[in-house]
Amino acid sequence: MAQLLKQAPAAPHPKSRNRVGKYAWDTNEEYLFKAMVAFSMRKVPNRETTEISHVLLCNVTQRVSFWFVVTDPSRNHTLPAVEVQSAIRMNRNRINNAFFLNDQTLEFLRIPSTLAPLTDPSVPIWIIIFGVIFCIVLVATMLLILSGIRQHRRKNKGPSEMEDTEDKCENVITIENGIPCDPLDMKGGHINDAFVTEDERLTPL
Amino acid sequence: MAGMAGAPGPTPPTEGGGEARPAWDNKLQYLLSCVGFAVGLGNLWRFPYLCQMYGGGAFLIPYVIALAFEGIPLFHIELAIGQRLRRGSIRVWTAISPSLGGVGLGCFTVSFLASLYYNMVLTWVLWYLLNSFQHPLPWSACPPDLNRTGLVQECQGSSPVSYFWYRRTLNVSADISDSGPVQWRLLLCLAASWAVVYLCVIRGIETTGKAIYFTALFPYLVLTVFLIRGLTLPGAMEGLTYLFTPDMRVLQNPRVWLDAATQIFFSLSLAFGGHIAFASYNQPRNNCRRDAVSVALVNSMTSLYASIAVFSVLGFKAASDHGQCLDRNILRLINAFDLPEQSISRDDYAAALARLNVSQPARVAGLPLEACRLEDFLDKSASGPGLAFIVFAEAVLHMPAAPAWAVLFFGMLYSLGLSSMFGNMESMTTPLLDLGVMPRRVPKEALTGLVCLLCFLTSSCFTLRSGSYWLEIFDQYAVALNLILLAFFEVVGVVYVYGMKRLCDDIAWMTGRRPGFYWRVTWKVVSPLLLLTIFVAYVALLASSLPGYKAWNPQYEQFPSRQGKPYPSWVLAACVLLSFLPTLWVPVVALGQLLARCREKTRNPPQDGGPKPRGSRAC
């Protein structure tokens, strides 16, 4: 959260905070930071002559936070805060990368980060998976319905075939109590097996 | 005794048209279907919540008592009459007595209403399942707003998970009267959901019997995986001890007993007619008593198993949230006092805070520090959809490989719900087939297709912006009260109209042993009394507070808390209608039968000396 010293002395101090567990923060890192800020300023039109020596750091603390300020080439006054803020915003990514940090670990006071846009794929993923599942379900349903129709047709053809053979034998199927009488007729000619024959009823003498 | 083996049993009713009644391929299919119907979403998101609310282990006491005196006896009766009379839920009751046909119609209507909103819940689950196949998960972060300078206001005020649920899924309106347009995403998922249901029930138990192998067993597999994973996560033990620490004082609260009784009742899916339908496809000589006891016990064991898995994950979530709360406080301290990075660890936080409080109390008091207590996070209980779509969805985010866990979790929820839907659909299609609503040559596939299409069209009203409010109404009013009343009529009808002696004879023929004292007492006295008490208590509870709902209103001052609003009068009228319409079939049909008999009597007066027709005393 780097703020810039405004012209008025009563203004709040600028601050930058880093979480640098990965490496030690020493004067060389400070030099790199100054270089990055100067680089950002040089990209601004009219400020191409900004040097590293124009960037001043002060109040560096242990958790690594400090104030910084950019002066103009004549070293008489500091540059307006808005200009420095917008310059840093433009190059935020480069500054972060120089220190292997990101927007959360390298904070600049009063410089809000531009949020990355949501990487929306052209077709949302859920529609793809939905399409796959729906197609599978539809195909399976069609198969089941078709096999059901085929079974139905086979069942309908079955009894009609039996009727043809019966017409040939000139037998009419009668159904009593749910049992077709057909098996009784077909067995053993015209003898009605349901009745016991004379011979068996009487015990042999 | 010698004659018993050869004695002909009660003649089973003949099938019309010479077509055999469909039968289960094997006993396992039947048991799995009953278990799948009983074990549903409630086992996962209602039972653990009740356990937590009502003193952990202590809740098991009223639960077991309710199971023994209400759940198992009622379940046994349903299986027994279904198996004996071999009819779906409407013809079964007309077979017992024509005046009782209303019970079957009531069960049919309740099944219809329940399948409407139950499949809507499955649609929500399907939506989450489809969205789980991406990394990062869409409910992990707030989307940026239009200028990309900040996050969407509604999301920032609540949480990414709540935002995804209320806005991106439901797109819920702030008031129930504001119906809003149909949400096409939900409508698509609803169509897919009904297509899946149709695919599975297309030929009745022939197809559900195959599907049930997966849908009934897959949830147990996933629960085991979650259990193992959950128990290895940090914070799981705190969650479990918090859940199961018994607090015996809750037993003095009558509300606990009411909730235990209703939980057992709804958990076993009684009085829908689904179990009657399943049992009607059984072999006549099947030990339905053993089936009833084993399915009921499996259902309760599943509830316990699920709550262990759920609470180990919730304990992990609470510990994780607690850790993040501490981290935020630590960052505030470090920023305020310019301390070096990582100088205060989570364990040191309390000591460091105390030190700073002593040295600079004024500055510390000025800091916006949160109170971070683990118990507060563990207390954040939720039941119902809130548990699955908000709490658990967030818990899954903290696990490594979050999309895989999300897919597993929502896949499990979907199978749990789908196997319950089979029971609901069977309780509708079996009576329709038995009644012969369609002509013989119309295949069964067409009938089930028609039923699914009708249900899909009717349930599309839940995809409106106010759909979730209506779903709560259906859940609370359309199903709960009617089931209790219908179950009461079921028990009374079987025990007193069919006759206890006839019932015991039938069960003796089917299972080989007469029902003992426990069964007879619970059927005759305990269960009907319990049901009446539950009904009265439930009505009293509903009537004691003005029916209202909690709306999600971003303009509310205390957002993200939900705003309590009363129902408008037309919605109240709908609630009352839903509460009583299904049960109205019972007196309507009974009266109709009475009038028909009176008219017949006046038309053909009985001859002198002839036997008086039964039940014509009133005329």
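Below, chain A is the first sequence line, B the second, and so on; all start at residue 1.
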Subject >> Gap between atom CD1 of I52(A) and atom OH of Y31(A) - 0.5 Å precision >> reply: 3.5 Å
Original post:
Counting a contact as any heavy-atom pair under 4.5 Å apart, which residues of residues 129-136 of chain A contact chain B?
Top reply: I129(A), F130(A), I133(A), F134(A)
Extract all donor-acceptor atom pairs below 3.5 Å that involve side chains of residues 32-41 of chain A and protein atoms in other chains or at least two apart in sequence.
residue, atom, partner, partner atom, Å
S40(A), OG, M36(A), O, 2.8

Original post:
For the atom pair CG (L126(B)) and CG (N119(B)), what is the distance rounded to the nearest 0.5 Å?
Top reply: 9.5 Å
Original post:
Donor-acceptor pair, S140(B) side chain versus P136(B) backbone, under 3.5 Å?
Top reply: no
Original post:
CG/L408(B) to CG/L413(B) distance, rounded to the nearest 0.5 angstrom?
Top reply: 11.0 Å
Original post:
Does the separation of the ring centres of W126(A) and W127(B) fall below 6.0 angstrom?
Top reply: yes
**OP:** Below 4.5 Å from any heavy atom of chain A, which atoms of Q134(B) appear? Answer side chain, backbone, both or neither.
**Re:** both
Original post:
Which heavy-atom pair separates Y198(B) from E445(B) by the least distance, and what is that distance?
Top reply: OH-O, 3.0 Å
**OP:** Count the heavy-atom pairs under 4.5 Å between each of L130(B), V196(B), N131(B) and chain A, then report the option with the highest count.
**Re:** L130(B)
Subject >> Interface residues of residues 183-194 of chain B facing chain A - non-hydrogen atoms under 4.5 Å apart >> reply: W184(B), R185(B), L188(B), C189(B), A191(B), A192(B)
Original post:
For chain A, which residues of residues 200-210 of chain B have at least one non-hydrogen atom nearer than 4.5 Å to it?
Top reply: I202(B), R203(B), T207(B)
**OP:** Using the side chain to side chain contact (heavy atoms under 4.5 Å, CB included) rule, take F409(B) and M412(B) through it: C-alpha gap first, then chi angles, then the decisive distance, then the call.
**Re:** CA-CA 5 Å; F409(B) 176 65; M412(B) 168 182 72; 3.8 Å; yes
Original post:
With distance as the sole test, does E29(A) use its side chain to make a donor-acceptor pair with the main-chain N or O of T27(A) at under 3.5 Å?
Top reply: no
Original post:
Quick check: does any side chain N or O of Q29(B) sit under 3.5 Å from a backbone N or O of D25(B), one acting as donor and the other as acceptor?
Top reply: yes
**OP:** Kindly compute the distance separating CZ (R42(A)) from CG (N91(A)), expressed to the nearest 0.5 Å.
**Re:** 13.0 Å
Original post:
Rounded to the nearest 0.5 Å, what separation is found between the CD1 atom of I334(B) and the CG atom of N329(B)?
Top reply: 11.5 Å
Original post:
Between T463(B) and S460(B), does any side-chain donor sit less than 3.5 Å from a side-chain acceptor?
Top reply: no
**OP:** Nearest 0.5 Å please: distance from the SG atom of C155(B) over to the CZ atom of R168(B).
**Re:** 9.0 Å
